[in-house]
Visitor: 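First the structure, then my questions, so here it is.
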Amino acid sequence: METAREVLVIGGSRYFGKRLIARLLAAGDRVTVLNRGSAAPPSGTVHLVADRDDENSLHSALGSRTFDVVVDQVCYTPRQAAVARRVFAGRTRRYVMTSTVEVYEYEDSIAPVREDAVDPATVPVDFALPWHDPDFLESHYGEGKRQAESVFSEDPAFAFTTVRVAHVLGGADDFTGRLAHYADRIRTGDPIAVPVDNQAATYIHVEEIADFLAWAVGEDFTGPVNAASHGLLSTEELCEAVAAHFPAGRTVLQPVEVGEVSPFSFTRAYGMDNSRAARLGFAFGDVRRWLPRAVAETLGEDAA
């Protein structure tokens with residue numbers, strides 16, 4: 001029998017993070033969860049409370065603990081990455097950071113984007129930016145992730161991989177409200193604002209990304225890897241899946257030149273190429289096969 005792995009999950013109290021933890025526990029891993037104490041971790045885990053932005057707090061909470069793998073679900077800035085890299089150097093053989101498709105926000109490629117389009121080693125880092133400001137952080141989400149990846153990649157001895165996650169759909173506990181945005185407007189026939197040149201995007205089901213992260217824990221590859229189901233979805237296709245649950249509703253797409261647009265509508269084409277992960281051994285599903293289930297799960301009673 002294989003020896004149980006010691007896995008630390010930073011964050012992970014909701015959505016696909018809690019599903020990841022459930023998979024690790026089911027596999028027999030010993031799981032430690034570190035957060036600020038605002039949410040209780042799943043049963044069967046060890047709970048550590050610390051502010052990840054405070055290096056002394058992290059050191060104190062960890063004590064002499066070491067881990068086979070650390071999965072960082074909540075690293076959003078280069079400052080957080082720098083603290084984590086210093087604290088976990090020598091404490092883990094592998095560090096897995098959950099990143100995002102938004103690192104490609106400056107791409108505009110008809111062909112699905114490969115990992116080498118954004119090389120962490122070439123991304124400049126600016127610690128002086130106001131990363132502590134929530135409004136700045138929200139509006140610079142992709143930039144924060146890019147710079148965090150860059151910081152982790154600076155030390156060749158730090159075994160690090162960044163999982164660039166496609167837009168996640170599904171689950172009754174989807175807290176984003178993005179599908180509800182479409183459901184509300186389709187139900188009432190209110191306009192849905194989209195860009196004039198609206199581009200399709202890549203997605204992944206909440207259960208599939210949990211599977212992917214659990215798989216990545218047991219692998220040894222490093223560097224960026226894209227995690228996305230096969231196929232791209234347009235906003236129109238997403239609306240069709242939602243509208244199927246509201247026969248009396250009406251889908252009204254309103255193209256706009258400027259101003260705020262609906263979630264899951266994009267002026268740039270930057271769907272992700274998932275071939276690296278496939279070559280490494282992960283088998284993705286097809287987005288069109290699971291989309292109806294994802295919509296039904298999230299809309300719940302509204303979709304009944």
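Side chains are part of it too, since the values below use all heavy atoms of this structure and drop only hydrogens, waters and symmetry mates.
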Visitor: Using a strict 4.0 Å threshold on nitrogen-to-oxygen distance, state whether Asp29 and Arg23 make a salt bridge.
Guide: no

Visitor: Check Glu55 against Val87 and note the closest heavy-atom contact, atom names and distance.
Guide: CG-CG2, 3.7 Å

Visitor: Considering residues, nucleotides and ligands other than Arg36, do more than 12 of their heavy atoms fall under 6.0 Å from its CZ?
Guide: no

Visitor: Ion pair present between Glu115 and Arg164, side-chain N to carboxylate O less than 4.0 angstrom?
Guide: no

Visitor: Assess the pair His167 and Phe266: is the distance between their ring centroids shorter than 6.0 Å?
Guide: yes

Visitor: Under 4.0 Å between a side-chain nitrogen and a carboxylate oxygen: does that hold for Arg30 and Glu6?
Guide: yes

Visitor: Does NZ or CZ of Arg94 lie under 6.0 Å from the centre of the six-membered ring of Phe221, at an angle within 45° of the ring axis?
Guide: yes

Visitor: Are the aromatic ring centres of Tyr104 and Tyr106 under 6.0 angstrom apart?
Guide: no

Visitor: Assess the side chains of Asn35 and His47: does a donor N or O sit below 3.5 Å from an acceptor N or O?
Guide: yes

Visitor: Taking all atoms of both residues into account, what is the closest heavy-atom pair of Val242 and Tyr182, and its distance?
Guide: CG1-C, 4.2 Å

Visitor: Could you check whether Tyr15 and Asp173, counting side-chain N and O atoms only, form a donor-acceptor pair closer than 3.5 Å?
Guide: no

Visitor: Counting only heavy atoms not in Arg289, do more than 12 fall under 6.0 Å of its CZ?
Guide: no

Visitor: Checking side-chain polar atoms at under 3.5 Å, does Gln147 have a donor or acceptor matched by the opposite partner on Asp126?
Guide: no

Visitor: Is the count of non-hydrogen atoms from other residues, nucleotides or ligands lying under 6.0 Å from Arg250 atom CZ greater than 12?
Guide: no

Visitor: For the residue pair Ile21 and Pro42, what are the closest heavy atoms and their distance?
Guide: CG2-CG, 3.8 Å

Visitor: Are side-chain N/O atoms of Asn198 and Thr235 paired as donor and acceptor at under 3.5 Å?
Guide: yes

Visitor: Taking side chain as C-beta onward, heavy atoms only, is Pro78 less than 4.5 Å from Phe127?
Guide: yes

Visitor: Cation-pi between Arg178 and Phe264: NZ/CZ under 6.0 Å from ring centre and within 45° of the ring axis?
Guide: no

Visitor: Have Ser229 and His205 got a donor and an acceptor in their side chains that come within less than 3.5 Å?
Guide: no

Visitor: Nearest heavy-atom pair of Val70 and Thr92: which atoms, and what distance?
Guide: N-OG1, 3.6 Å

Visitor: Got Val31 and Val9 here, is their nearest side-chain heavy-atom distance under 4.5 Å?
Guide: yes

Visitor: Do the side chains of Lys145 and Glu149 get close enough for a salt bridge, i.e. N-O under 4.0 angstrom?
Guide: no

Visitor: So, are Arg146 and Glu102 salt-bridged, with charged N and O less than 4.0 Å apart?
Guide: no

Visitor: Do Val118 and Glu107 have side chains that get closer than 4.5 Å, going by heavy atoms?
Guide: yes

Visitor: Taking atom CZ of Arg14 as the centre, report whether more than 12 heavy atoms of other residues, nucleotides or ligands fall under 6.0 Å from it.
Guide: no

